[in-house]
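Written below as structure tokens is the structure these notes are about.
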Amino acid sequence: MSPQNTPIIDTENDLELTERIIAPDGRRMPNPQLDRHVQDIDFDALRDLHRDMVVLRRIDAEGIALQRQGQLGLWAPCNGQEAAQIGTGRALEARDFVFPSYRETGVMYSRGAKPADYVRMWRGEEGAAYDPAELRIAPLQIIIGAQTLHAVGYAMGIRFDEADEVAVTYFGDGATSQGDVNEAMVFAASYGAPVVFVCQNNHWAISEPVGLQSQFPLAGRAPGFGIPSMRVDGNDVLACVAAMRWALDHARSGKGPAYLELVTYRMGPHTTADDPKRYRSDEELEQWRRRDPISRLEAHLRAAGELTDEHLASVQAQADEMAREMRAACLGMITRPAMAVFDRVYAEPHSGLERERDEYAAYLATFEEA
Amino acid sequence: MTQMTLGKALNAGLRQAMQDDDKVVLMGEDIGTLGGVFRITDGLLDEFGAKRVIDTPLAESGIVGTAVGLAFRGYRPVIEIQFDGFIYPAFDQIVSQVAKLHYRTQGRVKMPITIRVPWAGGIGAAEHHSESPEAYFVHTAGLRVIAVSDPQDAYRCLRQAIASDDPVLFFEPKRLYHHKGEVDLEAPLADAPPMGLARVVRAGTDATIITYGAMVRTALDAAAAAEDEGISLEVIDLRSLSPVDYETVSASVRRTGRVVVAHEASREAGVGAEIIASITEFCFEYLEAAPVRVTGHDIPYPPAKLEKFHLPDLDRILDAVDRVMDRPNSLSAAKEAQQ
Ligand SMILES: Cc1ncc(C[n+]2csc(CCOP(=O)(O)OP(=O)(O)O)c2C)c(N)n1
């Protein structure tokens, strides 16, 4: 192989090189790669995607509000990433299984999470916010990149079972530096595992710009592992649906793993504990505001005469209702009794833990007697 | 009953577990065609095929992390970590994922993963091939930690570990891989003692030696030597380091009143420290002398030519016995020399 000039990452110009179907101003562009995957998506379906994104943004705002009001310990906003999460999430089949990071509120939404599911973990009531088997989503993962290996192992199982399913894992641009993510790609390629890697490149890993993780477009790494990849405009929901369908088809048809880099932007702080003013400029934020995924789809729908104020009002009402339910579920949560801290550490009895539990129960009982 | 080595017993245990449950899959480096660097998985690839005996890429975190995903899907992965010193790259997946998923999900997700570790020293191996990392895992809630010491027990415990719905760190003393013993391959597993129980491998009345793994044999040798001097030592093989069977341990300590804990791992915050702290809590009034630890030194595992100075041997155990028996010993000699 002859030596090549490695393209150095250039965020500004790179953005124009991503695959997209709807331009930032709402114009529809032809895309020979992606168009065929979304031919069935009519204006009704587009309005559904729009509604999903609006509701998600409202869920996210409510999460932040609840945290600010002391009801949640932390919240990881996904404002700005609605298209990436709804677009890919809506492309999944019910039987597929997702291994997410902590930021995938929109993927949870697309899989039918209940209002309480969004807050239970962040409030500190339970380690996992929902029943993984019911939503077909593994617990939100805090350890950066660890879940990518779980998805690959699950997909190896799919392959052994000869099942018609795909495992999907979501992770950020910072995660691509982790050993686990790289090991996951090695295993996935070696075993032809039906897994889709979804990297949401939101440009920042807390305060670290993507250029610190990689001097090369992230999607460009996957082919080095033998995994086909696509770099997609992550703020174009239609492109996200299309690319995810491509990736899922690829994995489902026995061709092995696929990789998507969704180029998007985290508009808010990393979490409610973060202060992005310290590390990024207003200009950058403004530049990305013009690429907002929701306004983009609205512009597209409006230009086609497919968006009425009446419809917008009904969507907003639905979003507000979701926020109300989320708030009610959060405030209504009842913390389990003290002894529950010992529950389910093990599947089978463990004499050491039982002794400790008994000691603590006896200690607590002394308060009841008093 | 069949005479076989501990290594062959483990091989038989794996085979039986795979026959019993087709969700059991083996994963590890070189475990297929080669049968593992210690040949513990010998012949299993031919018998069960590549979907169940999986030669993995060379990535420990990858091995454990993908096993987590397989467990999510209902598989029961049995992992071979090639050597004790190579488990550290997988540490995060073991302690943050494998150990915690059951708790985090309120028991909805089970992690019946067995992590086999050819373990500890005494075979003159290269650097990173003789480590005793068990304390790291004992310290982690959600894991069970087992250390076997003879072929019969290895055969049964391994099957129990694989059948358990909890994750198990399964330490195999490589020093004993070629050690032979009687193994009953036919006896129903239900009749075997549960893997969480300790066992008294030699009864005695003067002092109790508590140990596990390859050190059980050293302790038995020490007990035999002590008998010549008229001292009767009880030897307990812990078998399980999490949980520790304090019923058996305490019963013995109450009988003898004197305790020596012996292990190869370093001393500081080791398993021995935990056991002695617990014994002191549970049976303080029965103790007639301060319990004593005999352990590896608090040093990196030394080069092979020096390992004999690191590993507790029969004489160091007997010296500790002299201390708890209040007989002349290295400590009293040192004191005398000072005066
Ligand atoms: C192994 C590990 N190291 C560090 C952290 C602390 N941490 C939490 S989120 C984060 C940044 C992650 O960035 P990225 O992968 O791009 O995902 P994003 O949060 O932007 O979605 C860091 C460093 C962690 N959770 N896990």
Side-chain angles (χ1 to χ4, degrees), chain A residues 97 99 121 126-128 130-134 138-143 145-161 163 165 167 169 178-180 182-191 193 195 336 340-355, chain B residues 23 25 27 50-52 54-75 77 89 92-93 96-97 99-112 138 141-144 164-167 194 196-197 240 242-247 274 278 282:
Chain A
F97 204 101
F99 291 84
M121 183 191 85
E126 270 184 49
Y130 41 75
D131 182 345
E134 220 172 85
L140 301 182
Q141 179 64 252
I142 302 277
I143 304 284
Q147 75 278 12
T148 58
L149 280 169
H150 305 168
V152 173
Y154 193 93
M156 286 163 65
I158 292 174
R159 186 111 207 247
F160 298 154
D161 297 344
E165 299 167 37
T169 181
Q178 286 282 348
D180 275 4
N182 290 275
E183 293 187 23
M185 290 202 273
V186 172
F187 275 68
S190 297
Y191 298 109
V195 59
R336 291 171 293 155
V341 300
F342 295 101
D343 288 350
R344 314 280 185 189
V345 178
Y346 293 91
E348 295 164 12
H350 183 283
S351 58
L353 188 66
E354 280 164 11
R355 190 178 318 110
Chain B
K23 288 293 176 192
V25 293
M27 308 172 73
K51 278 188 192 170
R52 297 192 62 197
I54 306 166
D55 260 327
T56 64
L58 252 159
E60 283 71 18
S61 189
I63 297 170
V64 177
T66 50
V68 168
L70 281 160
F72 257 100
R73 228 189 134 73
Y75 282 86
D92 173 63
Q93 286 288 346
S96 305
Q97 310 295 332
K100 294 190 171 80
L101 268 159
H102 190 261
Y103 187 69
R104 292 179 64 216
T105 61
Q106 293 291 303
R108 291 172 185 131
V109 175
K110 292 199 167 39
M111 285 289 125
V138 170
L143 302 176
R144 291 173 189 278
S164 169
D165 274 343
D166 284 317
L197 296 186
S240 171
S242 177
V244 168
D245 169 13
Y246 282 110
E247 294 218 354
E274 179 53 45
S278 296
F282 302 149

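If you're wondering where the values come from, they're calculated on a predicted model, not measured in any experiment. In the text below, chain A, chain B and the rest are named by the order of the sequence lines, each starting its count at 1.
Residues A/Y191 and B/T56 approach most closely at OH-CA, 3.1 Å, considering heavy atoms. Across B/P243 and A/G352, no two heavy atoms sit closer than the pair CB-N, 3.7 Å. Taking both residues in full, the closest heavy atoms of A/A347 and B/D165 are given as CB-CB, 3.6 Å, listed atom of the first, atom of the second, then distance. Between B/Y103 and A/A340, the closest heavy-atom pair is OH-O, 4.5 Å.
Each of A/V186, A/I142, A/I143 has some count of heavy-atom pairs under 4.5 Å with chain B, and the biggest count is that of A/I143. Top candidate by heavy-atom pairs under 4.5 Å with chain A, chosen from B/R104, B/K100, B/M27, is B/R104. Of all the listed residues (B/P167, B/S61, B/S240), the one sharing the greatest number of non-hydrogen pairs under 4.5 Å with chain A is B/S61. For chain A, the option among B/A99, B/P57, B/A59, B/G107 with the highest count of heavy-atom pairs below 4.5 Å is B/P57. With respect to chain A, the highest number of heavy-atom pairs below 4.5 Å among B/T105, B/V25, B/D245, B/V109 belongs to B/T105. In terms of heavy-atom pairs under 4.5 Å with chain A, the best-connected choice from B/S164, B/G196, B/A67, B/A141 is B/S164.
Heavy atoms closer than 4.5 Å to chain B are found in both the backbone and the side chain of A/D131. With a threshold of 4.5 angstrom between heavy atoms, A/A167 does not approach chain B through any atom at all. Contacts between A/I158 and chain B at a heavy-atom distance below 4.5 Å involve backbone atoms as well as side-chain atoms. For A/A146, the parts lying under 4.5 angstrom from a heavy atom of chain B are both the backbone and the side chain. For a residue to count as touching a neighbouring chain, one of its non-hydrogen atoms must lie under 4.5 Å from one of that chain's; by this rule B/S278 does not touch chain A. For B/S242, the parts lying near chain A are the backbone and the side chain together; criterion is any non-hydrogen pair under 4.5 Å. Interface remark: A/F99 contributes side-chain atoms only to the contact with chain B (heavy atom separation under 4.5 Å). In this structure, the portions of B/F72 lying under 4.5 Å from any heavy atom of chain A include both its backbone and its side chain. Residue B/R144 touches chain A through both its backbone and its side chain, counting heavy-atom pairs closer than 4.5 Å. Heavy atoms of A/S351 lying under 4.5 Å from chain B belong to its backbone as well as its side chain. Looking at A/D161, both its backbone and its side chain come within 4.5 Å of chain B, counting heavy atoms on both sides. Contact of B/Q93 with chain A is made through the side chain alone, with heavy-atom distances under 4.5 Å. Heavy atoms of B/M111 lying under 4.5 Å from chain A are absent altogether. With a threshold of 4.5 angstrom between heavy atoms, B/E60 approaches chain A through N, CA, C or O but not through any side-chain atom. With a threshold of 4.5 angstrom between heavy atoms, B/S96 approaches chain A through side-chain atoms but not through N, CA, C or O. The part of B/K110 that comes within reach of chain A is its side chain, from C-beta onward, which places non-hydrogen atoms under 4.5 angstrom from that chain. Within the 4.5 angstrom heavy-atom criterion, atoms from both the backbone and the side chain of A/V341 approach chain B. If you measure heavy-atom distances from B/V244 to chain A, the contacts under 4.5 Å come from the backbone alone. Only the side chain of A/E165 comes within contact range of chain B, with at least one heavy atom under 4.5 Å from a heavy atom of that chain. At a 4.5 Å heavy-atom cutoff, B/L58 makes no contact with chain A through either its backbone or its side chain.
The 12-atom threshold is not exceeded at CZ of A/R344, counting heavy atoms of other residues, nucleotides or ligands nearer than 6.0 Å. Other residues, nucleotides and ligands contribute over 12 non-hydrogen atoms within 6.0 Å of the CD atom of A/E354. Environment of CZ in B/R73: crowded, with over 12 heavy atoms of neighbouring residues, nucleotides or ligands closer than 6.0 Å.
Atom NE2 of residue B/H102 and atom CD of residue A/E348 lie 9.0 Å apart, to the nearest 0.5 angstrom. Taking CE from A/M156 and CD1 from B/I54, the interatomic distance works out to 4.5 Å, rounded to the nearest 0.5 Å. Interatomic distance, CG of B/L101 versus NE2 of A/H150, reported as 6.5 Å (0.5 Å rounding). Between the CG atom in B/L143 and the OH atom in A/Y346 there is a gap of 6.0 Å [rounded to 0.5 Å]. The CD atom of B/Q97 lies 8.0 Å from the CG atom of A/D180; values are rounded to the nearest 0.5 Å. Taken from OH in A/Y130 to CZ in B/R108, the straight-line distance is 10.5 Å, to the nearest 0.5 Å.
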Test side chain to side chain contact (heavy atoms under 4.5 Å, CB included) on B/L70 and A/F160; report intermediate values, then the result. CA-CA 10 Å; B/L70 281 160; A/F160 298 154; 4.1 Å; yes

